[in-house]
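Have a look at the structure below, then the notes.
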Amino acid sequence: MDNYKELFVDGGLTQKDFMTTLRNNFYYVLIVVPCQTILALFLAMVVNQKFLKGRSFFRSAFYFPSVTSSVAISVVFLFIFQNTGAVNAMLAKFGITGPNWFADARGLIHIFLERIGVVDLANPPTALVDHTVMGLPVWEWIAGPSVAMCTIMILSIWTTSGTFMLMFLAALQDVSNEVDEAAMVDGAGRWQRFRYVTLPAIKPTLFLVITLGLIGTWQVFDQVYIMSQGGPAKTTLTPAYLSYTKGFSEFEYGVGAAIAFCLFLIIMVMTLIQKWVMRDKDAAKLKKSQKAQDRLTADAQKELIRQEVSE
Amino acid sequence: MSAIDYGLPADLEMNKPKKSHLGWFKYLGGYAVLLFFAMVYLYPFVIQLSNSFKTDAQAAQDPLTLKPDPFSTAAWEKLLGGSVPFDVWMKNSIIVALFVTFGRVFFDSMAGYALSRLHFRGRDSLSFAIVAMMAVPGVVLLIPKFLVLKGLGIWDTYPAMILPLIIDASGIFIMKQFFESVSPSMEEAARIDGAGVFRTFWSVVLPMAKPALITLTILSFQGSWNEFTHFLVATQSPSLNTLTKGVAQLTTGQLGGGQMFPLKLAAAFIATIPTAIVFIIFQRRFVQGANEGADKG
């Protein structure tokens with residue numbers, strides 16, 4: 001229990017670090033999950049356009065990053081986001097001076113607040129700095145993801161969207177052509193057809209993708225290990241990475257395991273929320289006699305896909 | 001097993017709208033989007049390859065140019081010439097991938113068969129336990145894994161790298177699903193002819209299971225080749241480094257020696273090649289693997 005105390009009530013450095021990781025990962029999830037879901041759905045809809053030739057080539061191209069090693073990909077991203085790297089060179093062509101990605105600890109919300117002239121980053125409002133919640137100043141809680149964290153987010157969106165695109169693609173091919181064409185004949189526009197025909201049909205897949213996204217994004221580790229080791233100023237530290245360093249650099253296995261267990265609970269809660277949201281659907285769909293067996297199967301299939309996504 | 005085939009045969013595309021309905025605009029727009037995203041998804045690999053042939057200085061100053069000038073194989077010579085223990089990493093990756101792939105195919109198919117066909121007490125709870133195991137996120141288990149390997153006295157050895165990966169719940173599940181989808185009539189015939197359980201499994205069932213076995217082989221190879229966190233906690237000796245762990249150490253500067261991006265990019269590139277080749281040959285299987293059951297889920 002002492003380990004959990006250290007994480008939640010002691011007010012020491014460990015608690016501050018743990019709360020920082022929760023903040024970092026929360027913003028990470030908040031941005032990565034919607035982005036990867038929307039991008040994946042968009043790509044799937046484009047690749048699903050039957051009048052385009054060479055679709056299987058593009059499908060493979062989009063999926064390719066998902067099958068490569070996360071370590072190898074992180075090296076490439078580390079290179080292209082260097083201060084003098086390819087991304088900044090590209091931005092320079094458009095007359096934009098790119099940030100020093102991996103050294104920039106400023107949070108996006110902080111930057112935004114400074115832009116609109118509400119606060120001065122060098123001199124943050126004392127009321128927010130002095131007031132702490134769960135061991136971390138309010139000012140830190142509202143920082144938003146740091147610029148450095150953005151590189152990891154971009155990498156994550158880039159590698160996972162291909163896998164999710166394939167799932168959406170499978171779902172889109174089950175969307176009845178007749179209904180879509182009927183809607184077209186009735187004069188429904190492109191957006192209306194998407195909203196009232198496509199979206200309801202792929203809803204289960206959409207939920208699945210979001211859940212898998214939520215679960216996967218809470219586990220981010222490899223990319224942090226390679227690209228930033230938690231820095232700058234601990235703004236890319238995640239619970240998984242903190243658990244690892246606590247255990248293997250500081251040899252505090254108890255604290256490390258406690259962090260891991262909290263992470264496990266967060267992920268379980270995400271899964272249960274998804275189950276709860278999908279509950280009515282499942283109940284209606286499954287036949288009574290087969291219920292238990294089918295549910296077991298369906299759960300396992302979701303897990304299976306999830307594992308492949310996290311690889 | 002749900003085979004999902006995206007390359008629709010021509011006759012299925014008959015009810016697509018006539019070309020005349022579509023303006024040029026839609027056509028060009030569609031391709032513009034596809035090409036743009038193909039660039040976004042593939043260009044980093046192009047940058048990676050071209051920069052691995054640059055000098056350190058040029059890679060730092062001019063990362064975007066595709067043509068290395070001067071063209072330099074220094075990074076590759078360094079990598080393959082022994083200034084980093086690349087041969088050791090390669091050897092370890094191959095050993096582990098071979099054992100893990102072979103082990104998973106062998107044990108997962110046997111376990112999957114037992115769970116789908118043999119009748120024994122506790123079969124359902126065992127199936128449930130396997131599914132539950134799949135639900136535990138990997139990063140949560142790093143410390144327990146380390147402590148167990150230590151306790152068994154095999155930490156920092158090849159068995160520590162191989163044994164925990166040699167059987168996996170998702171592989172068992174794929175095989176179980178497959179065996180449940182085929183009719184048991186052939187096996188019954190074999191049994192009547194006097195074949196035992198293992199004989200039936202080996203000579204009658206496995207040959208039929210080829211499609212599932214290929215999918216499982218590919219996924220196992222890809223998984224073990226790309227594995228990183230497990231090796232991070234299971235070993236410490238540099239002589240047991242795999243490609244992923246070696247490249248990670250090289251990149252995070254644990255092996256010393258500053259930027260050296262061409263070298264790192266070249267090493268990462270080699271680590272990508274085997275999965276890339278497997279992917280290109282078996283694209284369709286990957287698609288199928290990723291979608292296993294997604295249509296029902």
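Lettering of chains follows the sequences in order, A, B, ..., and the numbering in each one begins at 1.
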message: If you define the side chain from C-beta out and look only at heavy atoms, does anything of F261(B) sit under 4.5 Å from L78(A)?
response: yes

query: So what's closer than 4.5 Å to chain A heavy atoms on L35(B): side chain, backbone, both or neither?
result: both

task: Write down the atom of V76(A), the atom of P44(B), and the distance for their closest heavy-atom approach.
output: CG1-O, 3.7 Å

- prompt: Nearest 0.5 Å, what's the OG-CZ distance between S70(A) and F228(B)?
  reply: 7.5 Å

- prompt: Given a strict heavy-atom distance threshold of 4.5 Å, which part of D62(B) is in contact with chain A: side chain, backbone, both, or neither?
  reply: neither

message: Could you report the tightest heavy-atom contact between A72(A) and T272(B), atom names first, then the distance?
response: CB-OG1, 3.6 Å

query: Roughly how far, to the nearest 0.5 Å, is OG of S74(A) from NZ of K264(B)?
result: 13.0 Å

query: Can you find a heavy atom in the side chain of T229(B) that is under 4.5 Å from one in the side chain of Y244(A)?
result: no

- prompt: Taking the six-membered ring for Trp, is the centroid-to-centroid distance between F58(A) and Y41(B) below 6.0 Å?
  reply: no

- prompt: How long is the gap from CG on L232(B) to OH on Y225(A), to the nearest 0.5 Å?
  reply: 4.5 Å

field: F42(A) and V33(B), any side-chain heavy atoms less than 4.5 Å apart
entry: yes

message: If you compare all heavy atoms of A248(B) against all heavy atoms of I226(A), which two are closest, and at what distance to 0.1 Å?
response: CB-CD1, 3.4 Å

